[in-house]
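One structure is given below, encoded as structure tokens.
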Amino acid sequence: MNKRKKKKQIQTMLVNLTDREFFLSRSYYEDISKTVRWLGQRQDICLVLDYNEKEEADIAYTNGKKLYLNTANQITRILPERTDKIKSHKGFAAHECGHLRFSDFNRRGRYLGGFLKWLVYPNPPEARLSYEKKAWEEMKGYLKSHNLVAAMVIKETAAHINNLLEDVYIESCMCREYQGSIQNNLQRNAEIMLSHIPTEAERRAQKSNGLTIMQDMLLRYARAGDTEAETAYSRQYRSRLNACKKIIDEAVVSDDPDIRYTATNRLMLKLWKYIKQTIKTVERKLKNEIAGLSEDELKKRVQDYLKRVLIWLALSEVPGYAEGHSGPELEIEGWNGDLDGSGGTQTQTAPNEELREELEQMRKEQRTERGETEDDSESMEELEDLFRQLAEELCGQDDERNLQRKLQQEADEMKLEGVHKESMIKVHRQEEIPVSMEKEYRQAAPEIMRVAKKLEDAVEEVLKRRDGGTMSGLYLGKRLCRGELYRQDDKVFEREIQPEEGFSIAFAVLLDISGSMYTNDRIKYAKKAGLVLYTFCKDLEIPIMLYGHTTHFLSNGQEVVDIHSYADFDSVDNQDHLRIMGIKTGGCNRDGVALRFVGKKLLERQEELKILLQISDGQPNAQDYEGEAAKKDLQEAKRDLEKRGIKLFTAAIGDDRKLIEEIYTNGYLNISDLKKMPTKLGGLITRFIR
């Protein structure tokens, strides 16, 4: 395809691309993943991108191990331009990275889990006023009586309030450290959320309760401070918010996470009137439903109901991963959760003044409309690069689909005869590469690259014949090599090697991936060997294809030969090294069909030297295809391929040398020891090339 046609194809794809396709693409995943690794300062976080347009769907969350981002969340979806949506996603990614950097997931897990164990961590709240003391006695009474409905309402309320405080704290930390586009992206998302908080009248029209209205007010104040919107609320809500403001201000600028748990407990006393009303409503509504339910069933029923009636706004949720897990709990000094302990003021370190200043700046900006910044225009260049990468990825996917169709057409046109006439061929080629394969490849790559480099060293002479250069360490010659004059074995001469005109190589690797290859990890060694050869050839710009073969049966009993294209001469998306990681075993093996199919493709190449390496356990086995019949068929295929110029040799996994030699007569190679493989493969390659 010429450049003009390719450019037009890319432009057409970008115009027709849906948000779902864009945001769930591999290029976009890699871009967000890079942001997460940089901001979160972690390489082991599992990023999950989703596209869920439901109003109740999660926006984003992290538990310290996984970071989830819904790219179709209700805040991002409001934005009309795709570039703004990308900035919103990066704002959410930065927010979750703030939790990774500055939140303590073990503490949060133990804090929230405590309510369902009838405990209040880190200690009972300090009840200073008479209504607070009454509130604490009532809350304590619910917990001491093991009232599960009450405990669930208290837990969900505490989770939301604490998350609200933690969100403001971690965003202040991130904005202090990353001013510019990161700060702007964080604050844009918060501005959108604040602008869409329903009024008291709207909440009442939705039949929301007082607890939901108070949570709206706490959220707005924590993020934006005092605003005009506050004056529109009834006096009872304004009065209760005023009682909470100082607690909020102290909690969001402290570097001590326990301060926010203590503040949450105190805020629940302030809001107890509304929490108690919610408990009674839930008990009344579910009275007839919960009779006879187990404890776990009751928890789920209450939680599902609360999700429907408590519509609380938040940028994300932070479910502590210790919550509900069965492992040993982390002991935290001073956290006994005893309900009868004396509530006391949490030892407060001096507020972080830098965070206080950052908070005031954040609140000021939440109340004012900000225009585009110079940093925003600079980030547009990065977005244009992302669009280009994505378009190229999609073009590559289109080309890969065309390649798969072409391969299947070739298979359909291939006439199967003799012992294979009742079979058919199905070609497989993976289009979308999951992230798990990339992770697996990164783990395997160092070893593979080391072995591939040793293989290059083993065929150094061959490479010089191809590329030209200087060969040193010779007994005879017209020119002394200055770097070798110290040698005592008289190999002190060197000579120039001219590139051999027309000297070229093409490689094909055929893997037996039948069920028998699973035994003793044979497929593991075969996969590594194939990946080494692929890496070796790609590094030296040698064309290579790597296929696997197995079988399965249709419902009518017909046998299908499955040929998997893991690496192909015509691949365009540069993902074949990842496809190789997806090799799996299963079924039987009709070697003769696969050998002829791959051989036919190799014969179509223009290179001077064509090498086909077959990796197998030496046990051909399929329907009416084994023993002498299979042996005779494979010998016939070998003779035909070699007669037409293909150099064929077979590498065996394990101790099946005798069977391999009986079928192929030569070319046996045991490659189960990866350390010895370069020398063995290098020797065979050199022998064929000579």
Side-chain angles (χ1 to χ4, degrees), residues 30 37 43-44 433-467 469-473 483 505-513 517-518 520-548 566-569 571 573-585 609 611-617 649-654 667-689:
E30 290 176 349
R37 290 195 299 270
Q43 299 297 316
D44 59 341
I433 311 297
V435 177
S436 57
M437 286 189 186
E438 187 169 2
K439 184 177 180 180
E440 184 182 354
Y441 176 76
R442 284 200 302 268
Q443 293 173 344
E447 179 187 17
I448 297 301
M449 290 177 180
R450 283 196 302 270
V451 179
K453 180 61 173 66
K454 290 180 180 178
L455 182 54
E456 289 180 35
D457 295 339
V459 294
E460 182 180 10
E461 181 182 347
V462 174
L463 299 178
K464 286 178 178 175
R465 283 176 56 192
R466 185 191 73 169
D467 301 328
T470 301
M471 181 177 290
S472 59
I505 313 172
F507 248 107
V509 180
L510 178 62
L511 300 182
D512 171 7
I513 58 171
M517 287 288 286
Y518 183 80
N520 297 325
D521 285 336
R522 292 175 176 181
I523 194 62
K524 172 183 172 183
Y525 298 120
K527 183 193 294 190
K528 284 187 176 181
L531 196 53
V532 165
L533 279 166
Y534 175 82
T535 305
F536 164 78
C537 289
K538 296 302 287 185
D539 286 348
L540 300 178
E541 298 181 351
I542 296 173
I544 182 170
M545 62 181 288
L546 192 152
Y547 280 29
Y566 298 113
D568 200 278
F569 294 129
S571 178
D573 67 359
N574 200 32
Q575 300 295 315
D576 282 351
H577 61 295
L578 301 180
R579 288 187 176 91
I580 295 172
M581 303 311 298
I583 292 174
K584 294 179 181 178
T585 61
L609 181 64
I611 299 177
L612 196 163
L613 171 64
Q614 183 178 217
I615 301 178
S616 172
D617 61 0
F649 62 94
T650 304
I653 301 291
Y668 168 81
L669 184 66
N670 187 330
I671 57 173
S672 57
D673 187 344
L674 205 62
K675 294 179 181 178
K676 297 178 181 178
M677 193 183 76
T679 303
K680 294 181 177 181
L681 273 179
L684 276 177
I685 292 171
T686 304
R687 187 184 77 192
F688 277 117
I689 291 174

Open item on the list: Taking the side chain as everything from C-beta on, heavy atoms only, tell me whether Glu447 gets closer than 4.5 Å to Leu531.
Closed with: no

TODO: Could you tell me whether a side-chain N or O of Lys528 sits under 3.5 Å from a main-chain N or O of Ile448, the two making a donor and an acceptor?
DONE: no

Open item on the list: When you compare the side chain of Leu533 with that of Leu546, does any pair of heavy atoms fall below 4.5 Å?
Closed with: no

- [ ] Using the salt bridge (Lys or Arg N to Asp or Glu O under 4.0 Å) rule, take Asp568 and Arg579 through it: C-alpha gap first, then chi angles, then the decisive distance, then the call.
- [x] CA-CA 11 Å; Asp568 200 278; Arg579 288 187 176 91; over 6 Å; no

Open item on the list: If I compare all heavy atoms of Gly530 with all of Ile615, which pair ends up nearest, and what's the gap?
Closed with: N-CD1, 4.4 Å

Open item on the list: Return the CE to CG distance between Met449 and Asp539, rounded to the nearest 0.5 Å.
Closed with: 7.5 Å

- [ ] Identify the heavy atoms of His577 and Asn574 that sit nearest to each other, and give their distance.
- [x] CE1-O, 3.2 Å

Open item on the list: Working to the nearest 0.5 angstrom, can you tell me the gap between Ile523 CD1 and Asp512 CG?
Closed with: 7.5 Å

Task: Residue Asp521 excluded, over 12 heavy atoms near CG under 6.0 Å - done: yes

TODO: Over all heavy atoms of both residues, which pair between Ala567 and Asp576 is shortest? Give the atoms and the distance, please.
DONE: CA-OD2, 3.2 Å

Task: Straight-line distance of Leu609 CG to Ile542 CD1, nearest 0.5 Å - done: 9.5 Å

Open item on the list: Do Tyr441 and Ile433 make a side-chain contact, defined as non-hydrogen atoms from C-beta onward lying under 4.5 Å apart?
Closed with: no

TODO: Hey, could you give me the CZ/CD1 distance between Phe507 and Ile611, rounded to the nearest 0.5 Å?
DONE: 4.0 Å

TODO: Over all heavy atoms of both residues, which pair between Glu438 and Leu578 is shortest? Give the atoms and the distance, please.
DONE: CA-CD2, 3.7 Å

TODO: Compare every heavy atom of Ser616 with every heavy atom of Met517, then report the nearest pair and how far apart it is.
DONE: SD-C, 4.1 Å

Task: ring pair (Phe, Tyr, Trp, His ring centres under 6.0 Å) involving Tyr534 - partner list, sequence neighbours excluded - done: none

- [ ] Could I get the full list of side-chain hydrogen bond (donor to acceptor under 3.5 Å, both in side chains) partners for Arg442, not counting sequence neighbours?
- [x] none

Task: Heavy-atom pair of closest approach, residues Gly582 and Met437 - done: CA-CE, 3.5 Å

Open item on the list: Would you say that Pro446 contacts Arg450 through its side chain, given a criterion of any heavy-atom pair below 4.5 Å between the two side chains?
Closed with: yes

Open item on the list: Within the structure provided, determine whether Ile544 and Lys538 are in side-chain contact (heavy-atom separation under 4.5 Å).
Closed with: yes

